[in-house]
Chemist: 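Encoded as structure tokens, here's the structure I'll be asking about.
Numbers here are sequence positions counted from 1. Numbering of ligands and ligand atoms starts at 1, following listing order.
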Amino acid sequence: MEASLHGQKALVTGASSGIGEGIARALAAAGAAVVVNYASNPDSATRVVAGIKKAGGEARAIRADVAKEAEVEAMFAEMLAAWGRIDILVSNAGLQRDAALTEMTLEQWNTVLGVNLTGTFLCTRAAARAMIRQGVVAGVSKAAGKILCISSVHEVIPWAGHANYAASKGGMKLFMQTVAQELAPHRIRVNAIAPGAIQTPINRAAWETPEALKSLLTLIPYGRIGVPDDIGHAAVWLVSDTADYVHGQSLFVDGGMTLYPEFAHGG
Ligand code: BGC
């Protein structure tokens with residue numbers, strides 16, 4: 001991959017597994033130094049950091065629950081003390097607590113909104129403050145900073161049994177567009193990637209048996225499940241200067257899941 005992020009400092013939330021891990025590895029391969037944020041699994045974060053270093057990159061792990069203001073502030077303070085700046089925030093940390101609406105507890109609702117949406121707010125606010133302070137630095141990037149939200153096809157596709165998750169991603173869409181409008185004068189680029197079904201622990205039930213995978217594939221015109229690298233490559237492009245005029249957009253990386261696949265025949 002083209003090394004286009006040399007000299008830049010990135011923070012990826014929820015980077016100890018899944019899509020976040022894929023993005024952290026891809027940004028590092030493109031030359032960025034990467035903070036691997038994790039909430040509860042230090043061993044996995046250490047494994048990701050070691051993998052990045054082995055491949056010749058720079059990384060460090062920092063623990064923080066993104067739903068907690070004090071922990072987010074401490075994480076950014078630690079990063080800025082160590083590296084002096086932040087060029088790229090990838091707000092990726094996300095989880096599901098699935099239940100039918102009539103069974104959903106307030107705890108399930110609050111947990112999902114807390115990590116997926118409040119976490120994105122807290123990290124975006126902290127990153128924006130630092131990016132505004134540092135401004136555009138010639139030779140680093142054309143932008144003062146880049147913020148990338150990892151949303152979902154469920155920012156537009158309703159999803160029965162997942163009202164908390166769909167609400168968090170629908171909220172993320174207008175949060176992203178609104179802060180894109182607000183931060184543009186500061187030369188901070190804000191975008192989202194909306195992944196479809198990517199093979200990670202969060203959706204294991206949807207791919208771990210042949211029957212489940214077969215049923216999942218009926219929703220994916222391109223005929224395969226995604227892998228974290230699919231998102232990593234898109235993320236590298238979106239936060240690089242190659243995409244300097246791309247602002248306030250959700251890039252769907254979903255094998256066509258948003259193409260109403262049930263209408264491929266009939267209708
Ligand atoms: C969810 C996955 C799901 C995918 C496609 C993602 O946002 O986290 O569980 O497989 O959307 O429906």
Chemist: Give the residue and atom name of whichever protein heavy atom lies nearest to atom 6 (C) of ligand 1, and the separation in Å to one decimal.
Modeler: Y165 OH, 3.5 Å
Chemist: Answer yes or no: does an N/O atom from S151 fall short of 3.5 Å to an N/O atom of ligand 1?
Modeler: no
Chemist: When you check the gap from the basic side-chain N to the acidic O, do K146 and D244 get nearer than 4.0 Å?
Modeler: no
Chemist: What atoms of ligand 1 come within less than 4.0 Å of a heavy atom belonging to N203?
Modeler: 2 (C), 9 (O), 10 (O)
Chemist: What verdict does the side chain to side chain donor-acceptor pair (under 3.5 Å) test give for E21 and S17, after you've listed the backbone C-alpha separation in whole Å, the side-chain angles of each residue and the deciding distance to 0.1 Å?
Modeler: CA-CA 5 Å; E21 172 179 352; S17 71; 5.8 Å; no
Chemist: Can H162 be said to touch ligand 1, with heavy atoms closer than 4.0 Å?
Modeler: no
Chemist: Short list, please: which atoms of ligand 1 are under 4.0 Å from a heavy atom of I202?
Modeler: 8 (O)
Chemist: State whether the number of non-hydrogen atoms from other residues, nucleotides or ligands found under 6.0 Å of E262 atom CD is greater than 12.
Modeler: yes
Chemist: Kindly write out the residues that satisfy salt bridge (charged side-chain N to carboxylate O under 4.0 Å, His left out) with K173, not counting sequence neighbours, or none if the list is empty.
Modeler: none
Chemist: Considering residues at least two apart in sequence or located in another chain, which fulfil the side-chain contact (heavy atoms from CB on, under 4.5 Å) criterion with L219?
Modeler: M257
Chemist: Side-chain donor-acceptor pair under 3.5 Å between S240 and S4, yes or no?
Modeler: no
Chemist: At a 4.0 Å cut-off, with the gap strictly under it, does some heavy atom of G196 reach an atom of ligand 1?
Modeler: yes
Chemist: Students should be able to answer this: which protein heavy-atom is nearest to atom 12 (O) of ligand 1, and at what distance?
Modeler: H154 NE2, 2.7 Å
Chemist: Does any N or O of ligand 1 fall below 3.5 Å from an N or O anywhere on S152, backbone included?
Modeler: yes
Chemist: Do me a favour and list the nearest non-hydrogen protein atom to atom 8 (O) of ligand 1 with residue, atom name and distance?
Modeler: Q96 OE1, 2.6 Å
Chemist: Report the nearest protein non-hydrogen atom to atom 3 (C) of ligand 1: residue, atom name, distance rounded to 0.1 Å.
Modeler: W159 CH2, 3.8 Å
Chemist: Could you verify whether a donor N or O on one side chain and an acceptor N or O on the other, from S141 and D241, lie under 3.5 Å apart?
Modeler: yes
